[in-house]
Visitor: 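Please find one structure pasted underneath; my questions will follow.
Numbers for residues simply follow the sequence, beginning at 1.
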Amino acid sequence: MQKSIGVFDSGVGGLSVLAHIHQHLSAESLIYVADTAYMPYGCKTAAEVTDRCLKISDFLVEKGAQAIVVACNTATAVAINLLRERYNIPVIGMEPPLKPAVIHSRTGVVGVLATSGTVSSERFNSLKSRFAADARLLVQPCPGLVERIEAGDLTGAETRAILTAYLKPLLEQGVDTLVLGCTHYPYVIPLIGEIAGDAVTILDTGDAIARELKRQLMLRGRLSQESQCGAVQFWSTGSPSEKLISRLWGQHVDVGQLDI
Ligand code: DGL
């Protein structure tokens with residue numbers, strides 16, 4: 001069985017992380033699972049999301065994953081500890097970059113955009129008290145935004161209206177740094193930039209996660225020695241998302257149907 005790295009998300013959001021992984025670790029074979037049939041995770045219970053994480057991770061391990069990247073903040077918030085206990089391979093998760101945001105902010109007012117599931121999790125609240133106690137953190141759950149992105153609407157009027165409604169109160173309170181706490185949101189950075197203006201810095205963790213994955217594989221001597229580019233395989237549990245996945249990935253890809 002070919003060694004690979006498994007990456008998953010509720011849908012297409014994790015592709016924003018996969019792109020950084022592919023860039024930093026181009027020789028590795030990657031397997032991506034979009035759990036489109038069960039998206040969005042952000043409004044599901046912790047038990048429901050955990051159950052999906054276990055099913056997908058079992059599939060990835062069966063496929064030869066030597067590391068798993070939970071390319072979803074919501075899933076990381078509720079299931080990462082359990083996944084780390086269950087599998088004897090590195091399991092890397094997402095975390096909203098609060099610490100760098102607080103260090104970066106000049107006004108001391110930092111906005112966080114994330115799903116309802118993430119912002120209500122214990123993990124997020126502990127992160128907040130560890131790293132953002134001295135800042136004014138304005139936490140904005142964004143119901144509906146993931147669905148717009150899954151619909152492929154990255155610049156349209158409806159997505160703009162949702163984002164404007166979420167961003168306006170933050171901007172009015174002097175936010176100068178915005179944390180993207182959901183892997184779908186990097187796909188609307190241009191729109192966020194238009195609404196928020198150039199003076200606001202937008203922080204996302206995709207690149208940092210790819211570097212951390214590389215570090216962990218290196219530590220274990222598991223980096224691929226191949227000189228050729230590794231294959232990237234795509235799977236989806238939901239209705240055909242080949243068009244959107246291809247669009248976001250930047251080239252046509254085949255997407256397998258996964259019934260789990
Ligand atoms: N992309 C996800 C995250 O980072 C999940 C969004 C959702 O399905 O609600 O939180």
Side-chain angles (χ1 to χ4, degrees), residues 9-11 13-14 16-17 20 39-44 46 49 69-80 92-150 154 159-209 212:
D9 176 45
S10 62
S16 68
V17 183
H20 288 287
M39 124 17 235
Y41 282 177
C43 53
K44 295 207 163 41
V49 174
V69 177
V70 184
C72 174
N73 290 262
T74 315
T76 301
V78 299
I80 196 92
I92 292 159
M94 308 298 300
E95 210 160 64
L98 299 191
K99 192 179 172 187
V102 169
I103 293 170
H104 178 276
S105 174
R106 281 165 284 105
T107 59
V109 191
V110 170
V112 182
L113 305 179
T115 67
S116 307
T118 295
V119 304
S120 60
S121 69
E122 244 175 68
R123 204 178 165 85
F124 179 75
N125 283 296
S126 136
L127 195 68
K128 222 167 76 175
S129 48
R130 274 183 293 142
F131 297 120
D134 298 332
R136 202 163 150 236
L137 208 63
L138 305 179
V139 179
Q140 177 63 62
C142 304
L145 184 54
V146 161
E147 290 90 326
R148 293 310 309 149
I149 295 166
E150 288 287 334
L154 309 183
T159 304
R160 181 183 287 271
I162 290 185
L163 266 174
T164 305
Y166 292 144
L167 287 170
K168 214 167 153 240
L170 307 188
L171 296 168
E172 281 168 1
Q173 292 177 76
V175 155
D176 72 342
T177 309
L178 267 177
V179 167
L180 302 189
C182 169
T183 55
H184 279 75
Y185 303 168
Y187 289 115
V188 287
I189 286 178
L191 197 49
I192 295 175
E194 272 180 40
I195 299 165
D198 291 343
V200 173
T201 303
I202 302 165
L203 298 182
D204 147 57
T205 35
D207 191 64
I209 294 304
E212 172 60 14

Visitor: Kindly write out the residues that satisfy side chain to side chain contact (heavy atoms under 4.5 Å, CB included) with D207, not counting sequence neighbours, or none if the list is empty.
Guide: H20, H24, R211
Visitor: Considering non-hydrogen atoms only, spot the tightest contact between A101 and L203 and give its length.
Guide: CA-CD1, 3.5 Å
Visitor: Using residues 161-172 as the side-chain source, report each donor-acceptor pair under 3.5 Å to any protein atom, sequence neighbours left out, with the distance given to one decimal.
Guide:
unit_1	atom_1	unit_2	atom_2	d
T164	OG1	R160	O	2.6
Y166	OH	P143	O	2.5

Visitor: Taking D204 for the side chain and P186 for the main chain, is one N or O donor matched with an acceptor at less than 3.5 Å?
Guide: no
Visitor: Does the side chain of D9 reach to within under 4.5 Å of the side chain of H184, using non-hydrogen atoms?
Guide: yes
Visitor: By side chain to side chain contact (heavy atoms under 4.5 Å, CB included), which residues pair with M94, not counting sequence neighbours?
Guide: V17, N73, T76, T183, T205, I209
Visitor: Would you confirm whether S105, through its side chain, and V102, through its main-chain N or O, come within 3.5 Å as a donor-acceptor pair?
Guide: no
Visitor: Looking at V179, V109, V110, V175, which one forms a side chain to side chain contact (heavy atoms under 4.5 Å, CB included) with L137?
Guide: V110
Visitor: Flag the pair I149 / L154 as yes when at least one side-chain heavy-atom distance between them is below 4.5 Å, and no otherwise.
Guide: yes
Visitor: Is the shortest heavy-atom distance from the side chain of S10 to the side chain of T74 under 4.5 Å?
Guide: no
Visitor: Under the rule for side chain to side chain contact (heavy atoms under 4.5 Å, CB included), what residues qualify as partners of R130, not counting sequence neighbours?
Guide: S126, L127
Visitor: Tell me, please, which residues at least two apart from E95 pass salt bridge (charged side-chain N to carboxylate O under 4.0 Å, His left out).
Guide: R123
Visitor: Can you give me the closest heavy-atom contact between A75 and V49, atom names plus distance?
Guide: CA-CG1, 3.8 Å
Visitor: Sequence neighbours left out, what passes salt bridge (charged side-chain N to carboxylate O under 4.0 Å, His left out) with R148? Give chain and number order.
Guide: D153, E158
Visitor: Which heavy atom of I202 sits nearest to which heavy atom of G193, and what is that distance?
Guide: CD1-N, 4.1 Å
Visitor: So which heavy atom on Y41 is nearest to which on C72, and how close?
Guide: CD1-SG, 3.8 Å
Visitor: Using every non-hydrogen atom in the two residues, find where A114 and G181 come nearest and quote the distance to one decimal.
Guide: CB-O, 3.7 Å
